[in-house]
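Please read the structure below before turning to the comments.
Letters A, B, ... are given to chains in the order of the sequence lines, protein chains preceding strands, and every chain is numbered from 1.
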Number of protein chains: 2
Amino acid sequence: MTEKKLTLRLDFHSGLPIYTQIVNQIQSQLANGRLKPGDQLPTVRALAQELRVNFNTVARAYRILDEARIISTQQGRGTYITEIPPPNISEKLRNESLEALTQRFINEAFRLGFFEKEISQMVRDSLKVRKEAQNKQKENAK
Amino acid sequence: MTEKKLTLRLDFHSGLPIYTQIVNQIQSQLANGRLKPGDQLPTVRALAQELRVNFNTVARAYRILDEARIISTQQGRGTYITEIPPPNISEKLRNESLEALTQRFINEAFRLGFFEKEISQMVRDSLKVRKEAQNKQKENAK
DNA sequence: GTACAATGATACAATTAGTACAATCAGGAT
DNA sequence: ATCCTGATTGTACTAATTGTATCATTGTAC
């Protein structure tokens, strides 16, 4: 029915545990609207098969999300996105989510052979460019 | 999966430490294409058994290669050749690749509702933590 | 014989997989 | 309706497989 395909892409060499990758990707799909409150997630077994992973690994990811009240897992029924979720996600969780995202980015950059200086410089530049673009938008809006 | 046989030939009388020989041979197999980025190496125990050597000796070799960013060892999962940009890609291309990665990261962070200050602060913190962890590793390695 | 580097032994931690179980629901038989 | 039965769901606990940390032993150079 309301079952989503939920196409996740795992990187088995990234250094991030699989269950963490699943948690992160579901969170971001919720953030960007690909998943909405009330949506049913695939069953632990279905998602596990699709990702070629043991279903307990998926169950672990679901448990973490459940404890964060982002999803609601119900034995014998299935797993659903919580109806009234992230507005009340705590500051701690919010911070952890950014931290995880940043870790992923930095690990990837190092894995690709970049150095600390290059990375921080590029982040500064990119943020600056983005900011300028926004300012320009505002000026035009006048 | 993509596990290679990785036939190494040790010389126990050469005077070169075993772990050094392992390091050298893996490096040269990477250089001549027998090993490619993304390949999974044998587990420390498997390779140790094959070479009739203690697995800590293999682990030591792996640690050296890991610190040199040639391989990536992941507790509970295995050891992989890191995916580095081909050495022949131009500086420009290299830069663009980091830029693209950074853009993705920043876009994602903004989508998740974080602000510029939070993002740059988190990047600084994460880089700092990583640096300190590495320094600690080096000290221990002495 | 002392010092130091190399190797080995042992115990540990993180991640993922295996197995058995419990809750829920759908369908039919009575 | 009520009860069974089987399928499907998530849960709990355990085992297996991985790399890590620490200290002991060995062997060689001085």
- Message: If I compare all heavy atoms of Ala61(A) with all of Ile22(A), which pair ends up nearest, and what's the gap?
- Response: CB-CG2, 3.6 Å
- Does dT9(D) have OP1 or OP2 sitting under 4.0 Å from an N or O in the side chain of Thr79(A)? no
- Which whole-number value in Å describes the distance from Asp66(B) CG to dT18(D) C1'? 14 Å
- Item | For atom CG of Leu41(B) and atom P of dG19(D), their distance in whole Å | 9 Å
- Closest non-hydrogen atoms of Ile106(B) and Val123(A), given as atom of the first, atom of the second and distance, are CD1-O, 4.1 Å
- Task: Return no unless some side-chain N or O of Tyr19(B) is found under 4.0 Å from OP1 or OP2 of dT7(C).
- Result: no
- Item | Between P of dT8(D) and CD of Gln74(A), the distance in whole Å | 19 Å
- Sorted by chain and number, sequence neighbours left out, side chain to side chain donor-acceptor pair (under 3.5 Å) with Gln75(A) holds for none
- Task: With sequence neighbours excluded, tell me which residues meet ring-ring contact (aromatic ring centres under 6.0 Å, His included) with Tyr62(A).
- Result: none
- Query: What is the distance, rounded to the nearest whole Å, between atom CG of Leu65(A) and atom P of dG10(D)?
  - Reply: 13 Å
- Which whole-number value in Å describes the distance from Ile22(A) CD1 to dT15(C) P? 13 Å
- Task: State whether Thr73(B) places a side-chain N or O below 4.0 Å from either non-bridging phosphate oxygen (OP1 or OP2) of dT18(D).
- Result: no
- Among all residues two or more places apart in sequence or in another chain, which pass the side chain to side chain contact (heavy atoms under 4.5 Å, CB included) test with Ala59(A)? Val44(A)
- Message: Output the rounded distance in Å from CD (Gln49(B)) to P (dG19(D)).
- Response: 14 Å
- Message: Rounded to whole Å, how long is the line connecting atom OH of Tyr62(B) with atom C1' of dT17(D)?
- Response: 14 Å
- Note on the structure: Heavy-atom nearest nucleotide on DNA chain C taken for Arg52(B) and for Arg60(A); more 5' hit belongs to Arg52(B)
- Note on the structure: Minimal heavy-atom distance between Pro42(B) and Leu47(B), with the atoms involved, is CB-CB, 4.0 Å
- Note on the structure: Nearest heavy-atom approach of Pro37(B) to Ile81(B) is CA-CG2, 3.6 Å
- Starting at the 5' end of nucleotides 19-26 of chain C, put B wherever the base has a protein heavy atom under 4.0 Å, S where only the sugar-phosphate does, and a dash everywhere else. B--BBBS-
- Message: Rounding to an integer number of Å, can you tell me how far Leu10(B) CG sits from dA6(C) P?
- Response: 15 Å
- Task: For residues Glu118(A) and Leu98(B), report the shortest heavy-atom separation together with the two atoms involved.
- Result: O-CD2, 3.7 Å
- Describe, as an angle rounded to 10 degrees, how the axis at the first end of the helix from dG1(C)-dC30(D) to dT30(C)-dA1(D) is tilted relative to the axis at the last end, five pairs per end. 10°
- By ring-ring contact (aromatic ring centres under 6.0 Å, His included) - contacts of Tyr19(B) (at least two apart): none
